[in-house]
2 protein chains.
Amino acid sequence: MRTPDELTVLFRSSGRKVTAQRQCIFRLLQGDETHPSAESVHVAAQLEMETISLKTIYQTLHDLTELGEIAALDVGTGRTRFDPNVEDPHHHLVCQVCGSVRDLVVDFPDMSLPAGADLGFELGTAEVIFRGLCPDCRKATSARSSPGVPVGRPA
Amino acid sequence: MRTPDELTVLFRSSGRKVTAQRQCIFRLLQGDETHPSAESVHVAAQLEMETISLKTIYQTLHDLTELGEIAALDVGTGRTRFDPNVEDPHHHLVCQVCGSVRDLVVDFPDMSLPAGADLGFELGTAEVIFRGLCPDCRKATSARSSPGVPVGRPA
DNA sequence: TGTCAACTAACAATCATTGGTGATACCTTG
DNA sequence: CAAGGTATCACCAATGATTGTTAGTTGACA
Ligand SMILES: [Mn+2]
Ligand SMILES: [Mn+2]
Ligand SMILES: [Zn+2]
Ligand SMILES: [Zn+2]
């Protein structure tokens, strides 16, 4: 996604108003590689604006998605994750324990389908999701007894 | 998954009882390649047993998943899809319009990650989801602007 | 400065799924 | 076959993430 300043221009030119809470969300998303959920954006935003409502978070994330500035991901963790990185196509690593999501910048060269394998489908995107254990949860699992916090905000 | 008869033995040997409704579900899943949701299994089951409850469907699908006889998939259509094919590893084609899911029997040879790309993750499974248009929806889309009845939420 | 979108708070509704009742049916083992 | 215990059913409630609604207030910006 673009910089908060560029988003300000974009929002205005698309008939939207630029409020303090929206700019707060712009700033929070800027450079965030954790693929945050609406909920976790809300928590982070509340540190700067105590009264910001979850509704506003959803609203703004929806707007940003509509404008193509961020991507809404469903990686099977139960909540929609938002990805500010829409510039370079990439895939994802998803931790099966804590649900943390990391970018996978590898491009797979040989993912085209053999003739006839598409079954008449008109192919669009191909998304690859690697599931496994993040460094933290791997440590916790191998160290014994301490299971990772189920759903939450990984470091 | 195994045949209904084999599942009957398996259920008994795992301390579960084999009821008429469970056998009905076994039969329905047998050879079903549509990756049905709990809801659609219920609809199909009601044709044979009018009073079978959705609760029972969920219960039995859960049991089958627990036993590893079927797989529970989240392909982003809003409902869990169940896959009786757990024998050969495969990927999936998902229609962006109607949510239909088809198997993709292609094995991608070069999906291992370059050294260092795993970021400390302990890799488990790699699932590939191709999104596009199924034959039916492709026809409907190119012919006119009225798509088929959406079965799931549009991605 | 005035207008209208955006915000908040509080609440209801959605949708897939799971969890509780009791009451009844019926599978399985002895 | 009979007993005991699980499964099922109908009904209804509770999740949890998300969206909608209302009403009153703030604030962006032309
Ligand atoms: Mn990403
Ligand atoms: Mn499949
Ligand atoms: Zn983890
Ligand atoms: Zn389709």
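Residue numbers start from 1 in every chain, and the chains themselves are labelled A, B, ... in the order their sequence lines are given, proteins ahead of strands. Here the structure is a predicted model, which is why all the values come from computation and not from measurement.
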Sugar-phosphate, base or nothing in reach of B/Q21, heavy atoms under 4.0 Å: sugar-phosphate
Spacing of A/H42 atom NE2 relative to D/dA17 atom C1', expressed in whole Å: 14 Å
Interatomic distance, A/R79 CZ vs C/dA16 C1' [rounded to whole Å]: 16 Å
Pair B/D103-B/H35, side-chain donor/acceptor within less than 3.5 Å: yes
Side chains of A/D32 and A/T34, donor plus acceptor under 3.5 Å: yes
Nearest-Å distance for atom pair CD/C1', residues A/E39 and D/dT18: 11 Å
Minimum side-chain heavy-atom gap A/H92-A/D83 below 4.5 Å: yes
Donor-acceptor side-chain pairing of B/R79 and B/T77 below 3.5 angstrom: no
Annotated protein contacts, base or backbone, on nucleotides 25-30 of chain C with a non-hydrogen cut-off under 4.0 Å, one of B, S, - each: --BS--
Phosphate OP1/OP2 of D/dA7: any B/T56 side-chain N/O under 4.0 Å: no
Under-4.0 Å side-chain N/O to phosphate OP1/OP2 contact, B/R22 with D/dT8: yes
Sidechain-backbone polar pair: B/S14 side chain, B/F11 backbone, donor-acceptor under 3.5 Å: yes
Strand contacts (DNA chain C) in residues 57-75 of chain B, 4.0 angstrom heavy-atom criterion: B/Y58
Verdict with supporting geometry, A/R81 and A/D74, salt bridge (charged side-chain N to carboxylate O under 4.0 Å, His left out): CA-CA 6 Å; A/R81 309 291 283 259; A/D74 180 359; over 6 Å; no
Please list, for nucleotides 10-12 of chain C, all pairs of protein and nucleotide N/O atoms separated by less than 3.5 Å.
none

Nearest-Å distance for atom pair CD/P, residues A/Q23 and C/dA6: 14 Å
Donor-acceptor contact below 3.5 Å, side chain A/H90 vs main chain A/V105: no
Side-chain heavy atoms of A/M1 within contact of A/L7, under 4.5 Å: yes
Sugar-phosphate, base or nothing in reach of A/L54, heavy atoms under 4.0 Å: nothing
Length of the CZ-C1' vector between A/F11 and C/dA6, whole Å: 12 Å
Touch class at under 4.0 angstrom, heavy-atom based, for B/T80 against every strand present: sugar-phosphate
Short side-chain to backbone donor-acceptor contact, B/S13 and B/V9, under 3.5 Å: yes
A/F82 side chain reached by A/T65 side chain, heavy atoms, under 4.5 Å: yes
Main-chain N/O of A/C95 paired with A/R131 side-chain donor or acceptor, under 3.5 Å: no
